[in-house]
Amino acid sequence: MTDATHTVAERSGLSRFTSIARPIDPSYVTNKALLYLLPLLGVLSAVIAWASGNTENAAGVAFSGVLVAFIAWALTRDLAPDFVEASFIALACAWLGSLTVGTGQVLTAFAVLLLIRVVNRCTGLPLTWFDTFSVLGFITYTALQTDQPLLVLVMAVAFAGDAFLNEPLRRHAVAALLCMPLFVWVLATSPGFAVDSLAAIDWIILSVSLLGGVLLVTLSPEPISYYDNAYDRLDRYRVSAGFIVGLLAGLQTVVTLGPTAWFETPIWACLSVVLVSFAVRRLREWRAATT
């Protein structure tokens with residue numbers, strides 16, 4: 001990225017106010033496929049709801065299914081920009097979850113998506129002042145509404161990463177510090193953590209996920225995906241930092257909300273698909289190298 005692409009004066013349209021917004025560009029085949037797929041999923045969701053006797057809320061089921069599917073796709077794209085196929089697998093898993101186990105809480109998923117974009121800068125542009133204050137406000141609101149005080153600490157990690165990685169935005173060091181009193185405030189209003197409700201299997205899954213995340217960050221090659229608004233490939237350290245932020249956000253959902261967090265939001269569907277995709281790729285590479 002060059003400094004010229006970062007100046008607000010040279011931005012146009014929506015990018016003059018925000019760097020987090022990432023429009024779906026239909027010129028990309030995968031994006032066009034998404035635009036065709038989402039309406040089909042909406043219709044299919046409504047048909048399934050109607051066939052199962054839920055005729056009064058068929059429209060609500062359709063809307064929820066489309067929203068969950070979209071956020072799962074978008075979140076996976078930012079968690080692992082090079083894993084294009086994983087984003088559609090996560091979309092399918094999240095959509096099925098919305099129909100079967102009630103995966104429908106997307107507020108946290110949207111918040112995590114914003115935090116990942118704070119640090120990975122997938123759009124190619126650093127955050128504007130509007131973005132900084134909007135993220136502070138929205139993440140704090142989400143933490144309050146969903147009783148997830150640790151989400152504010154994850155926000156601090158995202159801001160700190162953006163303040164010290166390549167082409168740092170130094171004001172985010174201050175934003176990271178501002179997260180500390182916000183965390184104390186949200187913690188004071190929270191009913192507490194749900195650690196006591198976790199079973200051995202929950203701790204095993206958390207441990208395996210953490211180990212898988214460490215391996216992904218350590219062993220992943222340089223990204224081949226490009227920034228949206230710059231003719232450069234994504235920065236490996238920023239992409240890794242974005243995944244770490246997403247993984248920490250996923251871990252804290254289980255610690256604060258308990259076992260219901262596995263299916264309550266599409267976050268874990270996205271993380272699981274990315275980690276499995278990474279493992280499959282590494283296995284294929286290993287087999288190719290040994291044959």
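Heavy atoms only: backbone and side chains are in, while hydrogens, waters and symmetry mates are out. Count residues from 1 along the sequence. Predicted, not measured: the structure shown is a model, and the values here were computed from it.
Between the side chain of Thr103 and the backbone N or O of Pro266, no donor-acceptor pair lies under 3.5 Å. No donor-acceptor distance shorter than 3.5 angstrom exists from the side chain of Ser220 to the backbone of Val217, with no hydrogens or angles considered. Of the possible donor and acceptor atoms, one in the side chain of Arg233 sits under 3.5 Å from a partner among the backbone N and O of Ile224. No donor-acceptor pair closer than 3.5 Å links the side chain of Arg121 to the backbone N or O of Tyr227. The backbone N or O of Gln105 lies less than 3.5 Å from no partner atom in the side chain of Thr265, so there is not a single donor-acceptor pair. Ser87 places a side-chain N or O within 3.5 Å of a backbone atom of Val84 that can act as its donor or acceptor partner. The main-chain N or O of Cys122 is never found under 3.5 Å from a side-chain atom of Asp78 such that the two would form a donor-acceptor pair. Without hydrogens or angle criteria, Ser197 side chain to Ala194 main chain gives a donor-acceptor distance under 3.5 Å.
Annotation: side chain of Arg170 is in contact with side chain of Phe164 (closest heavy-atom distance under 4.5 Å). Looking only at side-chain heavy atoms (C-beta outward), Leu34 and Phe70 come within less than 4.5 Å of each other. Residues Leu41 and Leu91 form a side-chain contact, since some pair of their non-hydrogen atoms from C-beta on lies under 4.5 Å apart. The side-chain heavy atoms of Leu216 and Phe243, taken from C-beta on, include a pair separated by under 4.5 Å. Contact check for Val118 versus Phe159: side-chain heavy atoms found under the 4.5 Å cut-off. For the pair Ile201/Ile205, a side-chain contact is recorded, criterion being any heavy-atom separation below 4.5 Å from C-beta on. Leu198 is listed as a side-chain neighbour of Pro259, based on a closest heavy-atom distance under 4.5 Å. Using a 4.5 Å heavy-atom threshold, the side chains of Thr128 and Phe133 count as separate.
Side-chain contact annotation: Asp147 with Ser190, donor-acceptor N/O pair under 3.5 Å absent. Between the side chains of Trp262 and Thr253, no donor N or O sits under 3.5 Å from an acceptor N or O. Side-chain atoms of Asp131 and Ser134 form no donor-acceptor pair, as typed in the model, at a separation below 3.5 Å. No side-chain donor from either of Trp268 and Ser209 sits under 3.5 Å from a side-chain acceptor of the other.
No more than 12 heavy-atom neighbours from other residues, nucleotides or ligands sit within 6.0 angstrom of CZ on Arg287. Heavy-atom neighbours of Phe193 CZ from other residues, nucleotides or ligands within 6.0 Å: above the threshold of 12.
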For this session: Step by step, work out the side-chain contact (heavy atoms from CB on, under 4.5 Å) result for Ile267 and Leu271.
Result: CA-CA 6 Å; Ile267 294 174; Leu271 287 168; 3.9 Å; yes
For this session: Evaluate the criterion side-chain contact (heavy atoms from CB on, under 4.5 Å) for residue pair Leu107 and Phe138; output intermediate values, then yes/no.
Result: CA-CA 10 Å; Leu107 183 62; Phe138 183 71; 3.6 Å; yes
Exercise. Going through the distances and angles, do Val157 and Leu248 end up as a side-chain contact (heavy atoms from CB on, under 4.5 Å)?
Worked result: CA-CA 9 Å; Val157 173; Leu248 290 176; 4.3 Å; yes
Exercise. Going through the distances and angles, do Leu35 and Asn31 end up as a side-chain contact (heavy atoms from CB on, under 4.5 Å)?
Worked result: CA-CA 6 Å; Leu35 294 175; Asn31 290 358; 5.6 Å; no
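Heavy-atom minimum distance, Cys270 versus Ala90: CA-CB, 4.1 Å. Summarising the geometry of Ala74 relative to Leu113, their closest heavy-atom pair is O-CD1, 3.7 Å, with the distance given to 0.1 Å. A pairwise comparison of heavy atoms in Val274 and Ala80 identifies CG1-CB, 3.8 Å as the closest pair.
We find the CZ-CG distance between Arg236 and Asn120 to be 14.5 Å, quoted to the nearest 0.5 Å. Here OG1 of Thr30 is found 11.0 Å from CD of Glu85. Values are rounded to the nearest 0.5 Å. Interatomic distance, CD1 of Ile89 versus CZ of Phe83, reported as 11.0 Å (0.5 Å rounding). Rounding to the nearest 0.5 Å places CG of Leu251 at 10.5 Å from CG of Leu150. From Asp82, atom CG reaches atom OG of Ser277 across 12.0 Å, with rounding to the nearest 0.5 Å. Here the CG atom belonging to Leu153 is positioned 8.0 Å from the SG atom belonging to Cys179, to the nearest 0.5 angstrom.
For the pair Arg171 and Trp129, the cation sits on the ring face: its NZ or CZ lies under 6.0 Å from the ring centre, inside 45° of the axis.
Using a 4.5 Å cut-off between side-chain heavy atoms of Ile, Leu, Val, Met, Phe, Trp and Tyr, with links allowed through other members, Leu115 and Tyr141 fall into the same hydrophobic cluster. Both Val106 and Ile20 are part of a single hydrophobic cluster, where members link through side-chain heavy atoms under 4.5 Å apart. Leu127 and Tyr237 fall within the same hydrophobic cluster, where Ile, Leu, Val, Met, Phe, Trp and Tyr residues are linked whenever their side-chain heavy atoms come under 4.5 Å apart, directly or through other members. A chain of hydrophobic side-chain contacts below 4.5 Å, direct or via other Ile, Leu, Val, Met, Phe, Trp or Tyr residues, connects Leu210 to Ile116. Linking ILVMFWY side-chain heavy atoms closer than 4.5 Å, directly or via other members, places Leu275 and Leu219 in a single hydrophobic cluster.
A salt bridge between Glu167 and Arg238 is absent, with no side-chain N of the basic residue lying under 4.0 Å from a carboxylate O of the acidic one.
Just one of Gln145, Gln148, Gln252 meets the side chain to side chain donor-acceptor pair (under 3.5 Å) condition when paired with Thr108; it is Gln148.
Ring pair Trp73/Phe88 is perpendicular by interplanar angle, where above 60° counts as perpendicular and below 30° as parallel.
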